[in-house]
*Asks:* 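Sharing a structure with you now.
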Amino acid sequence: MNDRRFDVIIMGGGLVGLTLGIGLSKHGVSCAVIDPAQPDATLAQNFDGRVSSISSASWKLFQAIGIAERLEGRGCAIERIWVSDGLQPGTLDFAPPQDDDTPMGIMFENRETRRALRECAEAAEHLTLYQPDSALHVDRSIEGVFVTLASGAKLSGSLLVGAEGRASPTREAAGITVAKWAYDHVAIVTAFHHEVDHAGTAYEIFYPGGPFALLPMQPALPGKHRSAVVWTVPSAHAPAMLKLGERGFLAEAQKRIGGFLGEISLAGPRSSYPLGYHRAARITDTRLALAGDAAHGIHPIAGQGVNLGFRDVAALIEVIVDGMRLGLEPGDAQLLTRYQRWRSLDTLSVTMAMGGLVRLFDVPGRLPSLVRRAGLAAVQRAGPLKSRFMNEARGESGALPRLLAGEMV
């Protein structure tokens, strides 16, 4: 194969990596995306229970770079977020003002998002997909980035982006240290059919053992209301919960729901994964930038994980495009310093806030519960504070990149 030259080489073709490639291509930046996964496996038709909440800011990014048009009608708008400490009084109810018809976010099955991204990537003018393929050798230096693939292709570029997820080989090869801890919790993921319409409401119900989240989805069958479930349980309890028969599992779930959705039944397989926090000590190195879970990973408590990754994408695109207009290479140290500074404070504040919430609601006892409920009720009454929380949920807080406002760079 002939050697190929790109502006940016992206390691990882997941939600974050492909979105970055599509966004760069839309701005005329040539890029390669390398991923070892078989496309057929990632685009399987059977629902695997995995969903993602695309915040309203991330949706504006999707609209700006042409992804949204391939997802229209396939997601369920989140019109309201209902937060409570158990099923007791003292709730926090987020909903946009009546004159604002923008949803808080949109819930999509991950396979639908992956399908749309794949279609966009294949149609992108300045993006080349190497999948399935993997890097046998990567060399980064002041002169540039050089990658040899298992297929025999040899690529060169100005900037390497690590977007392979939590166990990023690119991050490890760069010797970037990671602060991390385990929550001693496991997330059980599935979906329920239910009798009562969810009305576009996402429920986050906190219990001492972990939060129980119900996320609105489009019906898979006519007349069957459906919600995704992310049920956090202590690690010691997870094996027993997963071994429960369908009846027993639904009975335990109904105890946490309190029956407000009526009769429930399984609408997808059960799966689980351990929960933890991690944050890279830095997200740049010589001709290297990290994005998404390669840079940070948080508790799924508020559905902000993938949206933090999309914020990385929007910021990195803006930094690269602005720099190239000034005659700088994408891998220029000045541009990477700007990216590092821009993203560091935002990711630190969000990851620490989510971790703090988990710990706050995990304290058992009547007195802590009373304090939490009083706090939720106080925020519910305080307009400015409630608006700040709502802006955070929508991904509209802080110094936003232009793409998150729906504007091209």
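If you're wondering where the values come from, they're calculated on a predicted model, not measured in any experiment.
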*Asks:* Looking only at atom types and distance, does a side-chain atom of Q254 sit under 3.5 Å from a main-chain N or O of G259, one as donor and one as acceptor?
*Replies:* yes
*Asks:* Which atom names give the shortest non-hydrogen contact between A280 and A294, and what distance separates them?
*Replies:* CB-O, 4.4 Å
*Asks:* Mind listing the closest non-hydrogen atom pair of A163 and I10 along with its distance?
*Replies:* CB-CG2, 4.4 Å
*Asks:* Quick one: pull up OG in S151 and CG in D133 and give me the separation to the nearest 0.5 Å.
*Replies:* 3.5 Å
*Asks:* Testing R74, R226, R115 one by one against E109 for a salt bridge (charged side-chain N to carboxylate O under 4.0 Å, His left out), which residue passes?
*Replies:* R226
*Asks:* Just so I know, are the side chains of T337 and T284 near enough to count as touching, which here means a heavy-atom distance under 4.5 Å?
*Replies:* no
*Asks:* Taking G12's backbone N and O only, do any of them form a donor-acceptor pair with E164's side chain (distance below 3.5 Å, no angle check)?
*Replies:* no
*Asks:* Can you tell me how far the CD1 atom of I106 sits from the CD atom of E79, to the nearest 0.5 Å?
*Replies:* 9.5 Å
*Asks:* Can you confirm whether D35 sits close enough to L18 that some side-chain heavy atom of one is under 4.5 Å from a side-chain heavy atom of the other?
*Replies:* no
*Asks:* Give, for atom CG of L117 and atom OG1 of T19, the distance between the pair rounded to the nearest 0.5 Å.
*Replies:* 4.5 Å
*Asks:* Looking at every heavy atom in both A314 and L403, which two are closest together, and how far apart are they?
*Replies:* CB-CB, 4.1 Å
*Asks:* Within a strict 4.5 Å, meaning less than it, do heavy atoms of the R402 and D322 side chains meet?
*Replies:* yes
*Asks:* Is a donor on one side and an acceptor on the other found under 3.5 Å between the side chain of R311 and the backbone of N307?
*Replies:* no
*Asks:* Mind listing the closest non-hydrogen atom pair of L127 and G21 along with its distance?
*Replies:* CD1-C, 3.2 Å
*Asks:* Rounded to the nearest 0.5 Å, how far apart are NE2 of H185 and NE2 of H237?
*Replies:* 9.5 Å
*Asks:* Quick one: list whatever passes salt bridge (Lys or Arg N to Asp or Glu O under 4.0 Å) with D285, sequence neighbours left out.
*Replies:* R140, R282
*Asks:* Looking at L221, I'd like to know if its CG atom is crowded, meaning that more than 12 non-hydrogen atoms belonging to other residues, nucleotides or ligands lie closer than 6.0 Å.
*Replies:* yes
*Asks:* May I have the step-by-step check of side-chain contact (heavy atoms from CB on, under 4.5 Å) for D293 and V16, ending in yes or no?
*Replies:* CA-CA 9 Å; D293 282 356; V16 169; over 6 Å; no
*Asks:* Could you go through the side-chain hydrogen bond (donor to acceptor under 3.5 Å, both in side chains) check for D7 and H126 one step at a time?
*Replies:* CA-CA 10 Å; D7 294 315; H126 303 286; over 6 Å; no
*Asks:* Determine, step by step, whether L159 and E329 satisfy the side-chain contact (heavy atoms from CB on, under 4.5 Å) criterion, reporting the C-alpha distance in whole Å, the side-chain angles of both residues, the deciding distance to 0.1 Å, and the verdict.
*Replies:* CA-CA 8 Å; L159 175 68; E329 290 186 56; over 6 Å; no
*Asks:* Nearest 0.5 Å, what's the CD-CD1 distance between Q340 and I283?
*Replies:* 5.0 Å
*Asks:* Between Q218 (side chain) and G73 (backbone), is there a donor-acceptor pair under 3.5 Å?
*Replies:* yes
*Asks:* Could you go through S158 and R287, starting from their C-alpha distance and side-chain angles, then the distance that decides it, and tell me whether this counts as side-chain contact (heavy atoms from CB on, under 4.5 Å)?
*Replies:* CA-CA 7 Å; S158 174; R287 294 191 178 273; 3.1 Å; yes
*Asks:* Okay, side chain of N110, backbone of S52: is any donor-acceptor separation there less than 3.5 Å?
*Replies:* yes
*Asks:* Mind listing the closest non-hydrogen atom pair of A153 and Y130 along with its distance?
*Replies:* CB-CE2, 4.2 Å
*Asks:* Would one find more than 12 heavy atoms of other residues, nucleotides or ligands at under 6.0 Å from atom CD of E263?
*Replies:* no
*Asks:* Would you say the side chain of R325 lies within less than 4.5 Å of the side chain of V409, judging by non-hydrogen atoms?
*Replies:* yes
*Asks:* Quick one: list whatever passes ring pair (Phe, Tyr, Trp, His ring centres under 6.0 Å) with H194, sequence neighbours left out.
*Replies:* H198
*Asks:* Please check if the number of heavy atoms outside E125 that lie under 6.0 Å from its CD is greater than 12.
*Replies:* no
*Asks:* Enter the distance from R166:CZ to R171:CZ here, rounded to the nearest 0.5 Å.
*Replies:* 10.0 Å
*Asks:* Contact between Y339 and D312 at the side-chain level, heavy atoms closer than 4.5 Å - yes or no?
*Replies:* yes
*Asks:* Pair E252, V233 - check side-chain contact (heavy atoms from CB on, under 4.5 Å), show working.
*Replies:* CA-CA 12 Å; E252 288 297 319; V233 301; over 6 Å; no
*Asks:* Could you check whether any side-chain heavy atom of M324 comes within less than 4.5 Å of a side-chain heavy atom of I320, counting everything from C-beta outward?
*Replies:* yes
*Asks:* Do the non-hydrogen side-chain atoms of M107 and I78 ever get within less than 4.5 Å of each other?
*Replies:* yes
*Asks:* For the backbone of P269 and the side chain of T190, can you confirm whether one donor and one acceptor N or O come within less than 3.5 Å of each other?
*Replies:* yes
*Asks:* Would you indicate whether the side-chain heavy atoms of V229 and L214 approach each other to under 4.5 Å?
*Replies:* yes
*Asks:* Considering all heavy atoms of both residues, which atom of S272 and which atom of L242 are nearest to each other, and what is their separation?
*Replies:* OG-CD1, 3.4 Å
*Asks:* Could you check, using the six-membered ring where one of them is a Trp, whether F192 and W231 have ring centers closer than 6.0 angstrom?
*Replies:* no
*Asks:* With distance as the sole test, does E172 use its side chain to make a donor-acceptor pair with the main-chain N or O of A167 at under 3.5 Å?
*Replies:* no
